[in-house]
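Structure, as structure tokens:
To find a chain, count down the sequence lines: A is the first, B the second, and so on, and within it residues start at 1.
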There are 2 protein chains.
Amino acid sequence: MPSPTRTTNEEVVAAAREIVETAGAAGLTMQAVAERVGVRAPSLYKRFADRDALLVAVTEAAIADLTERFEAAAPSLPRLAAAYRAFAKEHSEAFRLMFTPSAPQEALQRSAEPVIRAAAARVGEEHALDAARLLTAWATGFLQMELAGAFRLGGDVERAFEYGLSHLLAGIEQDG
Amino acid sequence: MPSPTRTTNEEVVAAAREIVETAGAAGLTMQAVAERVGVRAPSLYKRFADRDALLVAVTEAAIADLTERFEAAAPSLPRLAAAYRAFAKEHSEAFRLMFTPSAPQEALQRSAEPVIRAAAARVGEEHALDAARLLTAWATGFLQMELAGAFRLGGDVERAFEYGLSHLLAGIEQDG
DNA sequence: ACCTGAACACCGTTCAAGT
DNA sequence: ACCTGAACACCGTTCAAGT
């Protein structure tokens, strides 16, 4: 007799996201996830090929979350930057996963679209991609360094972020 | 009777670095390191408190390597940027480790000094730190994205790096 | 059809015992 | 003084057996 399904992919990914955020990617064990959704570890392999596939699903869910925030913040570039920073702070572990070779690139491309459109409104279609990449690279590096503790000494991080952002926005507008 | 030492901390770290670079941080097992230096895994705990301490030592050695390259490239900002990119490509796994909360921040601060001095020569002492951070954050984010495959589509990565760099250098020089 | 216990290979780590 | 085998707890993963 067929057993009724005891959990769902969504529930598994949600549990995995919580574990990743509280215990880090290294803390994501199949047993911990299984316990959280009320099954045994081997059952998870019916849904995800292996631990790595689950980790990719976690990354993808995080990217979808970020994309929503971007869409809500667009087309203001300062608000996009603030949304990015807020996301990185709330989901620092998932943020790190996004810059791993196994991250789903199509999802990342989609998340970048609001940024590219906002850049286009500011500097025109022709330079939109370059401008968006400049801003994204800077913000990504800044947040990565901030999360790693690189700014622990050396003054007001808030102010440094605002300084960098306004500087880049001004620079981007004036040429091509 | 005292046994003669069969390996050294330096040899252990060197072996660990090779493993990290070929198999990734996840591939760094105490047994693999031990085999490489000709001892058994438990012996490594005489030298490093645990696997994490060894990983920190690997990160620190990589930062020392980067610092040497920076010192050789200074005070040219384009050469510093090129050195950073070359390092990231040759030691992509260690590069990622550098932006982890457990990375040794004092070593990272030291590695940043040639960049800050080069920035000072370009924009003056007063804005050197801000300028160096702007450049470093951008380059770090760019390389992180490049290594993750974010630029797999979308044209000439080389050109995009040069574009971003020259744009930032021009922007940095003109104001404060 | 879905779930599980049992099993396997592998890992980090400790420690008493060897030299 | 340094090294090791043996052991423990834990992990990912597979699979035959349950319902």
If you check every side-chain atom of [X], which of [options] has the closest atom?
{"X": "B:Ala41", "options": "D:dT14, C:dT13, C:dT4", "value": "C:dT13"}
{"X": "B:Arg6", "options": "D:dC3, C:dC3, C:dT13", "value": "D:dC3"}
{"X": "A:Tyr45", "options": "D:dC3, C:dC3, D:dT14", "value": "D:dT14"}
{"X": "B:Ser43", "options": "D:dC11, D:dC2, D:dT4", "value": "D:dT4"}
{"X": "B:Gln31", "options": "C:dC2, C:dC11, D:dT13", "value": "C:dC11"}

Q.
Check this one for me: any side-chain N or O of B:Arg40 less than 4.0 Å away from OP1 or OP2 of D:dC3?
A.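 So the side-chain polar atoms of B:Arg40 never come under 4.0 Å of the phosphate oxygens OP1 or OP2 of D:dC3.
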With a non-hydrogen cut-off below 4.0 angstrom, is A:Leu28 in contact with a base, only sugar-phosphate, or nothing?
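Since only primed, P, OP1 and OP2 atoms lie under 4.0 Å of A:Leu28, the category is sugar-phosphate.
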Checklist entry - Under a 3.5 Å cut-off for both distances, is C:dC10 Watson-Crick or wobble paired, and to whom? => result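 Matched C:dC10 with nothing under the 3.5 Å cut-off.
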request  = Both distances under 3.5 Å, Watson-Crick or G-U wobble: report the partner of C:dC15, or none.
outcome  =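 Paired with D:dG5.
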Discussion item. Within a 6.0 Å radius of atom CD on B:Glu35, are there more than 12 heavy atoms belonging to other residues, nucleotides or ligands?
Written reply: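 Open.
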task = Please determine if A:Arg47 and A:Glu11 form a salt bridge, counting it only when a charged side-chain N lies under 4.0 Å from a carboxylate O.
result =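 Between A:Glu11 and A:Arg47 there is no salt bridge, as every charged N stays at least 4.0 Å from the carboxylate O atoms.
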Whether the side chain of A:Ser111 engages the backbone of A:Leu108 through a donor-acceptor N/O pair (distance < 3.5 Å, no angle test) should be reported.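 Answer holds: yes.
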* To do: With the side chain counted from C-beta on, respond yes when B:Phe99 and A:Arg96 share a heavy-atom pair under 4.5 Å apart, and no when they do not.
  =>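 When only atoms from C-beta onward are counted, A:Arg96 and B:Phe99 do not touch, as no gap falls below 4.5 Å.
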